Amino acid sequence: MSTTKEKSIVADISLAPEGHLKIDWVKAHMPVLNRIREQFEKEQPFKGLKVVICLHLEAKTAYLAKVVQAGGAEVTITGSNPLSTQDDVCAALVEDGITVFAKYNPNPAEYKELIIKALETKPDLIIDDGGDLVTILHSERRDLLEGLRGGAEETTTGIVRLKALEKDGTLNFPMVAVNDAFCKYLFDNRYGTGQSVWDGINRTTNLVVAGKTVVVVGYGWCGKGVAMRAKGLGANVIVTEIDAIKAVEAHMDGFAVMPMIEAAKQGDFFVTVTGNRDVIRKEHYEVMKDGAILSNAGHFDVEVNKPELEALSSGKRTVRRNIEEYQLKDGRKFYLLAEGRLVNLAAGDGHPAEIMDMTFALQAMSLKYVNDNYESIGSKVVNVPYELDEQVARFKLESLGAGIDKLTDEQKSYLDSWEEH
Ligand code: ADE
């Protein structure tokens with residue numbers, strides 16, 4: 001049998017020591033996942049099974065892979081974005097017996113080839129982020145569907161794609177919508193994205209945010225976090241929306257709300273968080289201020305329309321790591337961060353470990369849940385069962401040393417009754 005070192009494709013195995021240190025650091029800040037690892041070591045829920053993981057390949061993800069491995073699985077991992085893979089982390093995983101097909105900044109063809117190589121291991125279970133595994137399995141590589149029991153999806157964008165497949169009647173196996181669990185979106189999307197987006201922007205630009213105007217495009221859970229933290233940094237925050245209810249919410253949260261064409265004239269920093277394409281496009285570039293800084297935190301690099309920006313430009317150059325300066329034909333300059341890819345992962349390390357602790361605990365539990373129940377679930381997109389969601393919250397509270405109260409019998413009967421008041 002060949003070793004994981006022989007099977008893997010990584011940039012440089014000699015980077016492993018740095019990767020091990022990064023994984024050790026996050027592990028020390030992921031108490032919920034540590035408890036699940038202990039359970040998995042005892043119960044071996046994935047004994048003899050092959051699991052393919054396609055996630056942003058940084059240290060927290062690496063630790064999740066090791067937890068799944070501790071549960072008895074043979075794990076193969078690949079990256080879910082060309083710029084979010086960290087080569088030292090990949091090298092460390094190979095040394096730890098995980099097969100890795102990933103490197104930082106592959107070209108688009110290589111990127112896809114690496115994902116396909118992972119799928120060619122013929123997994124029993126998958127963990128996906130943004131639906132790349134699922135899309136390939138339902139299109140050009142349907143031959144790899146056989147034997148696949150099911151999986152779990154990490155993100156809003158992936159769930160949109162899964163629901164479209166389900167509606168079409170094309171979905172071939174059960175997928176658990178981890179993104180929609182309370183312990184995911186309330187914390188990861190809001191506090192995780194809120195902090196990591198500003199970490200990415202700040203470490204990349206090293207510019208002040210206080211007193212500037214930040215335009216947050218989209219007020220879903222991620223947008224709420226980005227706007228909240230921009231306010232905390234002292235920015236004047238504008239929110240743009242297409243949904244009237246979310247727009248009222250943004251207004252009541254204290255933000256200016258206006259159409260993008262107005263906001264475009266005022267913004268110093270732009271952060272797109274919509275999951276949709278072309279939310280910043282030609283008509284907006286035409287009115288933006290010189291020096292505007294553009295970034296995206298949505299899954300795909302389609303939110304800031306790059307071809308239209310290129311068409312308006314006479315040239316571009318890299319002025320700092322992860323900052324591309326576009327020189328417009330009319331003399332203005334715009335700065336695009338991380339090629340318009342997720343700024344928090346492509347120009348940072350992703351969400352804080354304590355947040356991914358809950359998200360990845362849900363992933364690990366959901367993988368076990370789908371493996372235990374795939375036959376009865378059928379080819380559907382299902383939510384994480386509430387008991388698992390609550391279990392993650394309880395483990396988290398315990399790790400924080402925070403207790404909560406219990407209803408008394410009188411309180412229970414009061415809540416159950418329509419007569420008592
Ligand atoms: N680290 C690993 N996966 C991530 C995700 N989906 N969002 C933020 N940070 C991450």
Side-chain angles (χ1 to χ4, degrees), residues 19 22-23 25-27 29-30 32-33 52-68 75 77-90 92-93 98 100 102 104 126-134 151-162 176-181 183-201 203 220-223 225-226 229 271-273 275 295-301 338 341-364 366-367:
K22 285 184 177 177
I23 299 168
W25 171 258
V26 300
K27 178 179 171 198
H29 296 90
M30 300 181 89
V32 180
L33 200 51
V52 167
I53 299 175
C54 177
L55 288 173
H56 297 293
L57 222 174
E58 48 86 16
K60 280 93 72 184
T61 308
Y63 188 50
L64 170 66
K66 290 178 59 146
V67 169
V68 173
V75 179
I77 193 160
T78 183
S80 63
N81 186 292
L83 298 189
S84 63
T85 294
Q86 299 190 11
D87 288 329
D88 47 6
V89 169
C90 294
L93 280 181
I98 289 174
V100 182
Y104 176 74
I126 58 169
I127 298 180
D128 210 355
D129 184 340
D132 281 349
L133 293 179
V134 164
E153 165 59 50
E154 168 85 359
T155 199
T156 318
T157 296
I159 291 170
V160 170
R161 290 168 103 182
L162 281 173
V176 183
V178 171
N179 182 72
D180 296 350
C183 281
K184 189 347 182 133
Y185 71 84
L186 287 178
F187 309 113
D188 173 313
N189 297 25
R190 181 169 39 171
Y191 298 102
T193 310
Q195 180 166 330
S196 63
V197 159
W198 287 106
D199 173 30
I201 294 174
R203 72 163 87 169
W221 287 102
C222 294
V226 173
R229 293 299 176 239
V271 186
T272 58
V273 228
S295 64
N296 165 51
H299 187 78
F300 288 113
D301 60 339
R341 296 192 185 274
L342 304 124
V343 69
N344 55 340
L345 281 145
D349 291 309
H351 298 348
E354 299 96 323
I355 299 265
M356 293 313 287
D357 186 27
M358 285 187 281
T359 301
F360 285 164
L362 286 166
Q363 281 287 7
S366 297
L367 200 67

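Remember, it's 1-based here, ligands and their atoms both numbered in the order they're listed. The model shown is predicted, which means the values in this text are computed figures rather than measured ones.
Put simply, the side chain of E153 gets close to the backbone of G130: a donor and an acceptor are under 3.5 Å apart.
Using cut-offs of 30° and 60° on the angle between ring planes, the pair Y191 and F187 is parallel.
No side-chain heavy atom of N81 sits under 4.5 Å from any side-chain heavy atom of L345. Here the side chains of R161 and D132 are in contact, with some heavy-atom distance below 4.5 Å.
With values rounded to the nearest 0.5 angstrom, M30 atom CE is found 9.0 Å from E354 atom CD.
A search for salt bridge (charged side-chain N to carboxylate O under 4.0 Å, His left out) contacts involving D88 returns K22, not counting sequence neighbours.
Protein residues lining ligand 1, listed by chain and number: H56, E58, T61, D129, E154, L345, G350, H351, M356, F360 [non-hydrogen atoms, distance under 4.0 Å].
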